[in-house]
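The structure appears below as structure tokens.
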Amino acid sequence: AEMQKYLLYNAVEPEELPTLRELTTLEICKIWSAMSRHIYKQLLQKRAVDIGIGSFAVVPAHASVAEGKVLPIERPMFILNKPLKMFYNLESDETKIPDETPVVHPDFGAISASTHFRHEIVEQCVQETLLCFAGALRENKEVEFSFR
């Protein structure tokens with residue numbers, strides 16, 4: 001049900017983003033860097049984190065090293081949810097989260113504890129940012145979403 005809200009038939013209206021309008025850019029960045037640290041900790045514990053539009057996960061990959069040797073490695077990736085990809089007609093490589101990897105949702109209580117923001121503010125900020133992201137996908141805009 002979480003993901004449904006990101007399948008947009010209409011443009012995102014400003015009134016759908018009340019929290020982002022209240023926060024400064026710096027505050028939004030603070031919330032996302034706490035979110036980023038939380039996701040990083042989960043990945044270190046071999047969990048994937050589903051944020052609604054997709055999941056951050058560590059997936060097996062191969063690195064080419066000298067003389068055509070290939071090294072198995074693991075790399076962190078963001079994997080967009082399939083229904084979202086289909087809805088917005090996006091193309092990307094088929095990447096699967098390994099079966100043995102548990103998938104968790106962000107713990108907004110823990111994330112807000114590491115910031116001075118209330119739980120609701122953190123959760124709404126994240127969801128509204130993702131709505132903006134979905135809105136950009138809908139309108140075929142370039143999106144840059146950088147994460148440390």
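All values reported here derive from a predicted model rather than from experimental measurement.
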For the student: nearest non-hydrogen atoms of E27 and T24, plus distance: OE1-N, 2.9 Å
Atom OG in S33, atom CD1 in I111: separation rounded to 0.5 Å? 11.0 Å
Is there a side chain to side chain contact (heavy atoms under 4.5 Å, CB included) between I28 and C125 once you walk through the steps? CA-CA 7 Å; I28 295 167; C125 170; 4.1 Å; yes
Please tabulate, for side-chain N and O atoms in residues 58-71, each donor-acceptor pair with protein atoms closer than 3.5 Å (sequence neighbours left out).
from : atom 1 : to  : atom 2 : distance (Å)
E67  : OE1    : K69 : NZ     : 3.3

Closest heavy-atom pair, V122 versus S112, reported as atoms and distance to 0.1 Å, is CG2-CB, 3.6 Å
Just so I know, are the side chains of V49 and V103 near enough to count as touching, which here means a heavy-atom distance under 4.5 Å? no
Side-chain hydrophobic cluster, 4.5 Å single linkage: members besides Y40: L44
Is there a chain of hydrophobic side chains (I, L, V, M, F, W, Y, each step under 4.5 Å between heavy atoms) that links Y88 to F133? yes
Result block: side-chain N/O donor-acceptor pairs under 3.5 angstrom for residues 75-87, not counting sequence neighbours:
from : atom 1 : to  : atom 2 : distance (Å)
N81  : ND2    : G52 : O      : 3.1
K85  : NZ     : S92 : OG     : 3.0

Shortest non-hydrogen contact from Y6 to L131? CE2-N, 3.7 Å
Mind checking the CD1-CG spacing from I31 to L23? Nearest 0.5 Å is all I need. 5.0 Å
Show the nearest heavy-atom pair for residues H38 and D107, with the distance to one decimal. NE2-N, 3.1 Å
With the 4.5 Å side-chain cut-off for hydrophobic clustering, are V104 and I53 part of the same group? yes
Qualifying ring pair (Phe, Tyr, Trp, His ring centres under 6.0 Å) pairs, either residue in residues 96-121, two or more places apart: none
Is there a side-chain contact between P106 and I51, using heavy atoms and a 4.5 Å cut-off? yes
Filter on salt bridge (charged side-chain N to carboxylate O under 4.0 Å, His left out), then keep only pairs touching residues 110-122, sequence neighbours left out; what's left? R118-E120
Show which side-chain atoms of residues 7-19 pair as donor or acceptor with protein atoms under 3.5 Å away, not counting sequence neighbours.
from : atom 1 : to   : atom 2 : distance (Å)
E16  : OE2    : E13  : N      : 2.9
T19  : OG1    : Q124 : OE1    : 3.3
T19  : OG1    : E128 : OE2    : 2.9

As an exercise, state the distance from CD of E91 to CG of N89, rounded to the nearest 0.5 Å. 7.5 Å
Under the criterion side-chain contact (heavy atoms from CB on, under 4.5 Å), which of R37, M35, K41 is the partner of I39? M35
Show the nearest heavy-atom pair for residues A34 and T115, with the distance to one decimal. CB-CG2, 3.4 Å
